There are 2 protein chains.
Amino acid sequence: MERTTTQTAQIRLALTSQINSGLLQSGMKLPSERELSELFGTTRITIKEALQSLEAEGRIYCEDRRGWFVAPPRLVYNPLYRSHFHEMVERQQRQASTRVLSVRNIVAAPSLCQELELPALSRLFQIRRVRSLDGRVVMFVEHHLKPERFPGILELDLSQSLTGIYQQHYDIHYGRSRFDIVSTAASGEVAQALTLGEGSPILLVSRVNYDQHGAIIDSDHEYWRHDAVRISVDSRPG
Amino acid sequence: MERTTTQTAQIRLALTSQINSGLLQSGMKLPSERELSELFGTTRITIKEALQSLEAEGRIYCEDRRGWFVAPPRLVYNPLYRSHFHEMVERQQRQASTRVLSVRNIVAAPSLCQELELPALSRLFQIRRVRSLDGRVVMFVEHHLKPERFPGILELDLSQSLTGIYQQHYDIHYGRSRFDIVSTAASGEVAQALTLGEGSPILLVSRVNYDQHGAIIDSDHEYWRHDAVRISVDSRPG
DNA sequence: GAGTGGTCTAGACCACTGA
DNA sequence: CAGTGGTCTAGACCACTCT
């Protein structure tokens with residue numbers, strides 16, 4: 001019995017070339033796992049193995065219980081310029097939308113107190129939103145604002161750009177910017193919001209934002225579908 | 001039959017709390033998949049499922065055919081400051097080492113020509129190295145240099161810092177820096193060099209480097225074990 | 001050579017989505 | 001309701017590492 005490569009590798013290759021050739025286009029649904037396993041004469045577990053490795057590569061993605069789809073091109077994103085999401089997306093000829101999930105006045109968790117240099121048990125405004133690219137949810141974001149700097153903000157329309165609201169209503173402009181990126185896994189609310197399974201790989205971009213005078217104003221935690229984004233930073237070192 | 005959560009989630013939780021409590025310490029080997037499946041009264045596939053989701057989270061990592069280990073803390077890395085790897089690691093009280101895999105004079109692939117703004121079929125020096133953190137291989141890096149700027153460099157000891165060699169032997173200093181980050185999967189040589197299975201998630205950091213006069217001098221592609229690093233950028237916007 | 005993960009088979013039932 | 005992926009069982013052989 002000959003065995004050049006593994007079955008998984010062959011299936012991966014077959015699907016990759018279908019995608020490269022354009023027969024399977026961006027956003028299209030793949031056949032079901034059961035159909036694929038018949039097609040390739042193997043079991044669902046082997047098929048899933050191949051699909052998961054293509055997912056890890058960023059070529060396809062999975063929506064919980066809906067199926068597998070060909071991944072669209074990545075959005076190019078420079079976290080140093082805290083620009084308006086919608087503007088950034090439109091400059092790349094694509095379509096953006098934002099949905100507010102929840103708006104709360106909370107007691108800050110210890111990790112947040114540390115991040116924002118707050119005393120223990122401080123209160124914070126928490127805003128949770130999801131953002132979509134061409135109709136597909138690609139990012140879950142959680143903002144935490146210092147309440148004393150944003151009186152009444154929770155009553156405004158928060159599906160707009162926060163950067164815009166900061167400028168227009170509070171005359172606050174961003175100064176310094178600091179961000180961290182880690183590759184990790186989705187769980188709980190994050191997984192649900194992104195219609196991902198528990199344990200799917202995601203990119204977490206955490207940022208602390210300072211105003212024009214160097215004071216901390218807020219932080220945000222962006223959870224990106226890992227295949228949806230390319231972080232791109234171009235800058236002269238300080 | 002009661003079913004609060006999935007078995008996978010329970011196993012994940014059990015292992016996580018063992019790690020958090022310090023009973024399983026950084027770098028320690030977990031019991032084998034077979035032992036774990038007996039311990040939890042389930043099959044290897046279910047165990048593997050739980051292990052893979054902890055791997056995605058960055059809590060544990062797998063070395064091909066050697067076993068599963070508790071992941072050490074992430075290295076904090078700012079790609080904007082193209083500092084010496086060894087220096088950076090030592091500042092974080094850890095131990096670094098570098099091994100040269102290969103050194104070649106190659107014809108540039110199309111994507112490289114584009115990246116380095118070269119005419120088709122240009123030649124390049126290619127240097128491949130792996131870098132370890134506390135004895136564990138965490139990064140595979142491929143450098144491509146413009147040959148005319150680095151005569152004789154391939155004969156030097158390339159396990160040192162390239163930045164250092166550039167300064168001392170060629171009087172070249174870095175100016176502008178530009179980098180991209182994508183979350184993708186290991187394959188082929190990369191997987192092998194990092195002792196990862198095909199399809200394991202990695203972080204690819206690509207950089208194009210300019211000299212003090214703004215001319216392109218080289219590029220590098222760093223393939224990081226995804227759990228080994230935290231990208232951290234702190235800078236004032238240009 | 002013993003032990004490890006890598007790969008694979010051939011099924012099963014469940015939870016959720018969408019028409 | 002039919003169809004999808006999510007989860008799970010109970011095995012098997014192979015390729016590789018380590019001693």
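Chain letters run A, B, ... following the sequence lines, proteins first, then strands; residues in each count from 1. None of these values were measured; they are calculated from a predicted model.
Between the CH2 atom of B/W68 and the C1' atom of C/dG5 there is a distance of 9 Å, given to the nearest Å. Taking atom CD1 of B/I11 as the reference point, atom C1' of D/dC8 lies 11 Å away to the nearest angstrom. Atom CD of A/E38 and atom P of D/dT4 are 11 Å apart (whole Å). Atoms CG (B/L196) and C1' (D/dT17) sit 16 Å apart, rounded to a whole Å. Distance, A/R34 CZ to C/dG11 C1': 12 Å, rounded to whole Å. As a whole-Å value, the separation of A/R65 CZ from D/dT4 P is 14 Å. Remark: P of C/dC8 and CD of B/E33 are 15 Å apart, rounded to the nearest angstrom. Following rounding to the nearest Å, B/L36 (CG) and C/dG3 (C1') show an atom-to-atom distance of 14 Å.
Between A/H144 and A/H221, the ring planes are perpendicular. Angles over 60° get that label, and only those under 30° would be called parallel.
Taking B/F40 as the reference, nothing meets the ring-ring contact (aromatic ring centres under 6.0 Å, His included) condition, with sequence neighbours excluded. Listed by chain and number, the residues in a side chain to side chain donor-acceptor pair (under 3.5 Å) with B/R128 are B/E142, B/E189 (sequence neighbours excluded).
For the pair A/R136 and A/Y61, the cation-pi criterion (under 6.0 Å, within 45° of the ring axis) is fulfilled.
For the segment residues 41-58 of chain B, residues with any heavy atom less than 4.0 angstrom from an atom of DNA chain D are, sorted by number, B/T42, B/T43, B/R44, B/I45, B/T46, B/E49.
No contact: B/E198 has no heavy atom under 4.0 Å from any strand.
Taking only side-chain nitrogens and oxygens, A/Q7 comes nearer than 4.0 Å to OP1 or OP2 of C/dT9.
Applying the 3.5 Å distance criterion, the base of D/dG5 shares no donor-acceptor pair with the side chain of A/R66.
Nearest nucleotide to the side chain of B/T6, out of C/dT4, D/dT4, D/dC8: D/dC8.
Shortest non-hydrogen contact noted between A/S219 and A/E115 is OG-OE1, 3.2 Å. Closest approach of B/G197 and B/D64 over heavy atoms only: CA-OD1, 4.1 Å.
At least one side-chain heavy atom of A/L162 sits under 4.5 Å from a side-chain heavy atom of A/I127.
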